[in-house]
Enquirer: 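Attaching a single structure in structure tokens format; questions to follow.
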Protein chains: 2
Amino acid sequence: MQVTIDVTRHTDASCASRDLAVRCTNCNLRELCLPQGMAQDEVQKINGLVTTRRRVKKGESLQHAGEPFKSLYAVRSGSFKTCIATEDGRDQVTGFKMSGEIIGLDGIGTNSHIIDVIALEDSEVCAIPFSRLEEVSREIAGLQKQFHRIMSREIVGEQGVMVLLGSMRAEERVATFLVNLSRRFRARGYSATEFHLRMTREEIGSYLGLKLETVSRVMSRFHDVGLIKINQKHVLILNPEGLQEAASPSTAGH
Amino acid sequence: MQVTIDVTRHTDASCASRDLAVRCTNCNLRELCLPQGMAQDEVQKINGLVTTRRRVKKGESLQHAGEPFKSLYAVRSGSFKTCIATEDGRDQVTGFKMSGEIIGLDGIGTNSHIIDVIALEDSEVCAIPFSRLEEVSREIAGLQKQFHRIMSREIVGEQGVMVLLGSMRAEERVATFLVNLSRRFRARGYSATEFHLRMTREEIGSYLGLKLETVSRVMSRFHDVGLIKINQKHVLILNPEGLQEAASPSTAGH
DNA sequence: CGCTCTCTTGAACAGAATCAAGAACGGTGG
DNA sequence: CCACCGTTCTTGATTCTGTTCAAGAGAGCG
């Protein structure tokens, strides 16, 4: 087959992968990603870890449940949803991944993925071959430590979702979700009060254990009482404290 | 391959702690615990990892949220519940831990625990100092691999709970819970069809995102339709396939 | 421009929560 | 050994939150 178009973009990507841009040292995400908290000289040693970049178009999948596990992925740009499909046909969103976050930890235990990961927009990831990561982290204590931190935080984060799903009412869930997104956008240098939802109401609902109609209704209610301004996927948080309060009611004061 | 483990007589532990029994090599839980899947000679090298045993009486806590993180614990005998207390006073059970399972992974990320762990019965754990574990796992690839497996499985397990909480109805949740317990008892050499619940209805409910009355009602219903026989904390599974079917309905056939 | 997908909103319904009362159990002390 | 107490469990009646069903409005894409 002949490649006739898009040569520029293609070159961009290959350029990136043989050039300096692929190095963690120069990556503007290094404080959010794998190198976070590592010493300067340690980061240099892990430059070689990331061998390839991968582009994933909106709607395409980065990894499929059942595939053999080879690499972790660090989100370089864009965002993803992680889904789990149960034997009985249920399909649930278990998380949303933004830049700097690590994908694929589910595969380590059984050497095959159990989670589907799908791009919510055109995205790019850095592939981290896991066997290399294990090797290098045996040599660099800082990497080992950081990798353990990442896994532990994943565990803690999921416990937070369990609390959300197990004991929060619909309004609290949606408020918690928005507050969480807000924090993550801010951590990435974006506005904490104004952003664009990359996922549909249905995906939000699936993640929060609610139906899409309920998500929509709750957001409309927040809109009506002046907590937020929402128009389709565009969110403007008018009252961050109020939203935080809606997320965990009895948090005394604010 | 079938591994039969005799856990029925864990023997007395005081003898154990000053004697050879503290070594992983001789521990009858080694196929469920940290050494699982490691080579014989590797297991010998990690004998020194477990420095102390700790007894925890029923109702007492093994670790408190907020405490600095020093050690992981492997459950040697007995069982625990893990709870998370949110700022706004909510308190939720996030898991139950049985022999061979590892506790404390939540502390790695922040160097302090965020989870409370409370003994459901008089129990005993092996303390694994984490800094030592990191050191040794830099030397022994098998240990490193196994530790990563354990963390990954924790993540996967929690995703399973997220699906349960996010998309299952009450009956499915309770059935899933019982099937899960049944499997874990069997893996430990106990009966898969007859066992004693160590936790209260309220604790089960908290874990499953249900009220204790609902748990009780669902169990009574299962009893009435002949799936199980339940008398307070004593459970007898009469129809394992039926229970499995109740846990994930549309699982075609059985 | 038309089609589809997504979102909003309303009305009726269902499942689990809440409120309430009594029964069964387990531990304690007489 | 038995009576007593607090805790845990069961069961019923009622309430309420979120779901389901339904219809229409927007937005985005080819």
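Per chain, numbering begins at 1; letters A, B, ... match sequence-line order.
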Enquirer: State, with a plain yes or no, whether a side-chain heavy atom of A:F69 is found less than 4.5 Å away from one of A:L72.
Expert: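 The answer is yes; the side chains approach within 4.5 Å.
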
Enquirer: Which residue in the set B:K57, B:R54, B:R53 passes salt bridge (Lys or Arg N to Asp or Glu O under 4.0 Å) when paired with B:E124?
Expert: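 Answer to the salt bridge (Lys or Arg N to Asp or Glu O under 4.0 Å) test with B:E124 among B:K57, B:R54, B:R53: B:R53.
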
Enquirer: Assess, by modelled atom type and distance only, whether the side chains of B:T94 and A:Q159 contain a donor and an acceptor separated by less than 3.5 Å.
Expert: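 A pair is found: one side chain offers a donor N or O, the other an acceptor, under 3.5 Å apart.
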
Enquirer: With A:E172, which residues qualify under salt bridge (Lys or Arg N to Asp or Glu O under 4.0 Å), at least two apart?
Expert: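 Salt bridge (Lys or Arg N to Asp or Glu O under 4.0 Å) list for A:E172, sorted by chain: B:R90.
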
Enquirer: How sharply is the helix from C:dC1-D:dG30 to C:dG30-D:dC1 bent, taking the axes over five pairs at either end and rounding to 10 degrees?
Expert: 50°

Enquirer: For DNA chain D, which residues of residues 208-222 of chain A approach it to below 4.0 angstrom with any heavy atom?
Expert: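 Those residues whose heavy atoms fall under 4.0 Å from DNA chain D, taken from residues 208-222 of chain A in numerical order, are A:G209, A:L210, A:K211, A:E213, A:T214, A:R217.
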
Enquirer: Nearest heavy-atom pair of B:D116 and B:A65: which atoms, and what distance?
Expert: OD1-N, 2.8 Å

Enquirer: Go through DNA chain D in 5' to 3' direction and return only the first and the last nucleotide with some atom under 4.0 Å of chain B's heavy atoms.
Expert: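 Listing 5' to 3', DNA chain D meets chain B from D:dT8 to D:dA13.
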
Enquirer: Distance check needed: C:dG15 P versus B:R173 CZ, whole Å only.
Expert: 14 Å

Enquirer: Look only at the side chain of B:D106 and the backbone of A:V156, and say whether a donor-acceptor pair between them is shorter than 3.5 Å.
Expert: no

Enquirer: Looking at B:K97 and B:E154, is any side-chain nitrogen of the basic one under 4.0 Å from a carboxylate oxygen of the acidic one?
Expert: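 Yes.
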
Enquirer: Which pair of non-hydrogen atoms, one from B:H223 and one from B:I230, has the smallest distance, and what is that distance?
Expert: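 Heavy atoms of B:H223 and B:I230 come nearest at ND1-N, 3.0 Å.
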
Enquirer: Taking only residues two or more places apart in sequence or in another chain, which ones pass salt bridge (Lys or Arg N to Asp or Glu O under 4.0 Å) with A:K81?
Expert: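 Testing A:K81 for salt bridge (Lys or Arg N to Asp or Glu O under 4.0 Å), a comparison that skips the adjacent residues, returns A:E203.
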
Enquirer: Examine the side chains of A:S79 and A:E121 and answer whether a donor and an acceptor come within less than 3.5 Å of each other.
Expert: yes

Enquirer: Side chains of A:Q63 and A:H113 only: does a donor on one sit below 3.5 Å from an acceptor on the other?
Expert: yes

Enquirer: When you measure from the side-chain N and O atoms of B:K233 to the phosphate of C:dC25, is any distance below 4.0 Å, counting only OP1 and OP2?
Expert: no

Enquirer: Near DNA chain D, which residues from residues 192-206 of chain B have a heavy atom under 4.0 Å away?
Expert: B:T200, B:R201

Enquirer: Atom NE2 of B:H234 to atom C1' of C:dG26: distance rounded to whole Å?
Expert: 17 Å

Enquirer: If I take atom CD in residue A:E172 and atom C1' in nucleotide C:dA17, what distance separates them, rounded to the nearest angstrom?
Expert: 14 Å

Enquirer: Would you call B:R201 and B:E213 a salt bridge, using N to O less than 4.0 angstrom?
Expert: no

Enquirer: Please report the distance, rounded to the nearest Å, between CG in A:N231 and C1' in C:dT6.
Expert: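 After rounding, the reported distance stands at 13 Å.
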
Enquirer: To the nearest angstrom, how far is B:Q232 atom CD from C:dG22 atom P?
Expert: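 It is 18 Å, rounded to the nearest whole Å.
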
Enquirer: Between B:S99 and B:R188, does any side-chain donor sit less than 3.5 Å from a side-chain acceptor?
Expert: yes

